[in-house]
*Asks:* 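Sharing a structure here in structure tokens format.
The first residue in the sequence is number 1, and the count goes up from there.
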Amino acid sequence: MNMVLCVSYIAKPGMREAFLKEIESLGIQEKVEREAGCIRYEYYRSVRNEDELLLVEKWESEGHQAEHVKQPHMAALRELKEQYVVSTHVEKSFCI
């Protein structure tokens, strides 16, 4: 059963684009997209709130996503979040 995560980030004021640029410069998104079981990993900017960002992740299974969070590039992302992000909210769902 596929697992979908919707991760809402609120960046520190005015820091959303810098956060995205760091993710891009470290190649984090590309590395995640090459991971086993990754179906979708995409960031979306809010048009209403310049500090809000949505990440949609879709994985073949919960096990694949559990392995994903153990990867070195995810440790780098956690460090970036400490620098750029005020809050994170995660919603998880499952689909066939």
*Asks:* Will you find, in the side chains of Glu30 and His73, an N or O donor that is under 3.5 Å from an N or O acceptor?
*Replies:*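 No.
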*Asks:* Going from CD on Glu57 to CG on Leu5, what distance comes out if it is rounded to the nearest 0.5 angstrom?
*Replies:*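 Nearest 0.5 Å value for the CD-CG distance: 5.0 Å.
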*Asks:* Kindly give the heavy-atom pair with the smallest separation between Ser87 and Val85, and that separation in Å.
*Replies:*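 What the structure gives for the nearest pair is O-CG1, 3.3 Å.
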*Asks:* Is a donor on one side and an acceptor on the other found under 3.5 Å between the side chain of Lys12 and the backbone of Gln83?
*Replies:*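 It does hold such a pair.
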*Asks:* Testing Leu54, Leu53, Thr88 for side-chain contact (heavy atoms from CB on, under 4.5 Å) with Val7, which one passes?
*Replies:*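 Going through the options one by one, the only one that passes is Thr88.
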*Asks:* Which value, rounded to the nearest 0.5 Å, describes the distance between Met3 atom CE and His68 atom NE2?
*Replies:*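 With rounding to 0.5 Å, CE (Met3) is 8.5 Å from NE2 (His68).
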*Asks:* Among side-chain atoms of Glu33 and Gln29, is any donor-acceptor pair under 3.5 angstrom?
*Replies:*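 Yes.
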*Asks:* How many angstroms lie between atom CD1 of Ile28 and atom CD1 of Ile23, to the nearest 0.5 angstrom?
*Replies:*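 Taking CD1 in Ile28 and CD1 in Ile23, the distance rounds to 6.0 Å.
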*Asks:* Do Val90 and Leu77 belong to the same hydrophobic cluster, where Ile, Leu, Val, Met, Phe, Trp and Tyr are linked whenever their side-chain heavy atoms lie under 4.5 Å apart, directly or via other members?
*Replies:*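 Val90 clusters together with Leu77.
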*Asks:* Show, in sequence, the C-alpha distance, side-chain angles and deciding distance for Leu80 and Leu26, and conclude whether the side-chain contact (heavy atoms from CB on, under 4.5 Å) test is met.
*Replies:* CA-CA 10 Å; Leu80 290 177; Leu26 295 173; 3.8 Å; yes
*Asks:* Quick test of your reading of the model: are Lys21 and Glu24 salt-bridged, counting only N-O distances below 4.0 Å?
*Replies:*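 Salt bridge absent between Lys21 and Glu24.
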*Asks:* Flag yes if Tyr41 and Phe94 sit in one hydrophobic cluster, no otherwise; membership is Ile, Leu, Val, Met, Phe, Trp, Tyr, and two members link when side-chain heavy atoms are under 4.5 Å apart.
*Replies:*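 Yes, Tyr41 connects to Phe94 through the hydrophobic network.
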*Asks:* The test is side-chain contact (heavy atoms from CB on, under 4.5 Å); show your working for Tyr44 and Val56 and say whether it passes.
*Replies:* CA-CA 8 Å; Tyr44 298 91; Val56 177; 3.9 Å; yes
*Asks:* Run the numbers on Glu60 and Ile39 for side-chain contact (heavy atoms from CB on, under 4.5 Å), then give the verdict.
*Replies:* CA-CA 7 Å; Glu60 288 180 15; Ile39 297 169; 3.8 Å; yes
*Asks:* Using the side-chain contact (heavy atoms from CB on, under 4.5 Å) rule, take Glu35 and Trp59 through it: C-alpha gap first, then chi angles, then the decisive distance, then the call.
*Replies:* CA-CA 10 Å; Glu35 289 181 44; Trp59 296 90; 3.7 Å; yes
*Asks:* Nearest 0.5 Å, please: how far is OG in Ser8 from CD in Glu91?
*Replies:*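 Here the rounded value is 6.5 Å.
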*Asks:* Is the ring pair Tyr9/Phe19 parallel, tilted or perpendicular, if the boundaries are 30 and 60 degrees?
*Replies:*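 It falls in the perpendicular class, over 60°.
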*Asks:* So, for Gly37 and His64, which heavy atoms are closest and what is the spacing to 0.1 Å?
*Replies:*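 Gly37 and His64 have their closest heavy atoms at CA-CD2, 3.4 Å.
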*Asks:* Roughly how far, to the nearest 0.5 Å, is the CE atom of Met15 from the CD1 atom of Ile10?
*Replies:*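 Here the interatomic distance stands at 14.5 Å.
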*Asks:* With a 3.5 Å distance limit and no angle check, can you tell me whether Lys31 reaches the backbone of Gln71 through a side-chain donor-acceptor pair?
*Replies:*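 Checked: no pair found.
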*Asks:* For atom CD of Glu50, is the number of surrounding heavy atoms from other residues, nucleotides or ligands below 6.0 Å larger than 12?
*Replies:*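 No.
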*Asks:* Would you say that Val32 contacts Met74 through its side chain, given a criterion of any heavy-atom pair below 4.5 Å between the two side chains?
*Replies:*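 They are in side-chain contact.
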*Asks:* Does the distance from a Lys or Arg side-chain N to an Asp or Glu carboxylate O, for Arg45 and Glu52, drop under 4.0 Å?
*Replies:*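 The answer is no: the pair does not qualify as a salt bridge.
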*Asks:* Using a 4.5 Å cut-off on heavy atoms from C-beta on, say whether the side chain of Cys6 contacts that of Lys92.
*Replies:*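 Lys92 does not reach Cys6 side chain to side chain.
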*Asks:* Please round to the nearest 0.5 Å and tell me the distance separating atom CG of Asp51 and atom OH of Tyr84.
*Replies:*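 Taking CG in Asp51 and OH in Tyr84, the distance rounds to 14.0 Å.
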